[in-house]
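Report on one structure; see the data block that follows.
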Amino acid sequence: MKPRVRSLDPQWIENNGQPALLLRDRLGLLDGVAVVPPPIAVLLSLCDGTRTVAELRVAFELRSGIPLTPTDLDGILNQLDQVLLLDSPRFAAAYAAALATYRAAPFRAPALAGSAY
C-alpha cells in the first residue's frame, strides 16, 4: 500500500493560537472541513503515492524528527482514511455513492443558494 492524499484545498490557519492546516473538500464528501496539526500536515505532504507505509514512516521521522511505530502510523493512516482524506477504496465508494445520489435526484438544487445570491 502506498498512501496518497486525494485532491483537497489546503490553507494554513491559526487554531487556538497554534498553526494548523485547514483542508477543504471541493467534492463535499467531508462533513465540514478537516483541521490537522503541523506534524500531520508533514505526514500528508509525504503521502503522494510513491512511498510504502514503511518508507513513509522513515521519511516522516527524517522530515519531522518524530519517531512513529508501525502501529501508530497505521492508526493515523486509518483515521485519515476514515475521514476520506486518502485516495482509497473507501473514498472511491463514498464518491461513487455521492455521484449516484446526485444523478438520481429529480432536480439539481442551486449550489450557492443562500450563500452567494
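For clarity, every value in this text was computed on a predicted model and none was experimentally measured.
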Heavy-atom neighbours of F91 CZ exceed 12 at 6.0 Å:
yes

Here the pair of heavy atoms bringing R26 nearest to D9 is CG-OD2, 3.0 Å

Can you give me the closest heavy-atom contact between R51 and P3, atom names plus distance?
O-CD, 3.6 Å

May I ask you to decide if L27's main-chain N or O and D25's side chain share a donor-acceptor pair within less than 3.5 Å?
yes

Non-hydrogen side-chain atoms of S64 and P39 separated by less than 4.5 Å:
no

Linking I/L/V/M/F/W/Y whenever any side-chain heavy atoms sit under 4.5 Å apart, do L22 and L8 land together?
no

So, R63 side chain and V42 main chain: donor-acceptor pair closer than 3.5 Å or not?
no

L29 versus A94, closest heavy-atom pair with distance:
CD2-O, 4.0 Å

Under the 3.5 angstrom rule, does the side chain of R6 hit a backbone N or O of L84 as a donor-acceptor pair?
yes

Minimal heavy-atom distance between A41 and V36, with the atoms involved, is N-CG2, 4.3 Å

Would V33 end up clustered with V83 when hydrophobic side chains under 4.5 Å apart are linked, directly or stepwise?
no

Over all atoms of both residues, closest heavy-atom pair of P19 and P38
O-CD, 3.2 Å

Flag if over 12 foreign heavy atoms under 6.0 Å of CZ, R103
no

Nearest-0.5 Å distance, CZ of residue R4 to CG of residue L56:
14.0 Å

Verify side chain to side chain contact (heavy atoms under 4.5 Å, CB included) between V5 and L80, making sure each step is shown before the conclusion.
CA-CA 9 Å; V5 174; L80 294 172; over 6 Å; no

Joint hydrophobic cluster, V53 plus I66, side-chain heavy atoms closer than 4.5 Å:
yes

Separation of F60 CZ from L43 CG (nearest 0.5 Å)
5.5 Å

Just verifying a value: how many Å separate S7 OG and D87 CG, rounded to the nearest 0.5 Å?
9.5 Å

Between L21 and I40, is any pair of side-chain heavy atoms under 4.5 Å apart?
no

Does W12 belong to the same Ile/Leu/Val/Met/Phe/Trp/Tyr cluster as L23, with side-chain heavy atoms less than 4.5 Å apart forming each link?
yes

Inter-residue atom distance D72.CG - L77.CG, 0.5 Å rounding:
11.0 Å

Would a 4.5 Å heavy-atom cut-off, applied to side chains only, mark L30 and L85 as touching?
yes

Sorted by chain and residue number, the salt bridge (Lys or Arg N to Asp or Glu O under 4.0 Å) partners of D81 (sequence neighbours excluded) come out as R90

Mind checking the NZ-CG spacing from K2 to D48? Nearest 0.5 Å is all I need.
10.0 Å

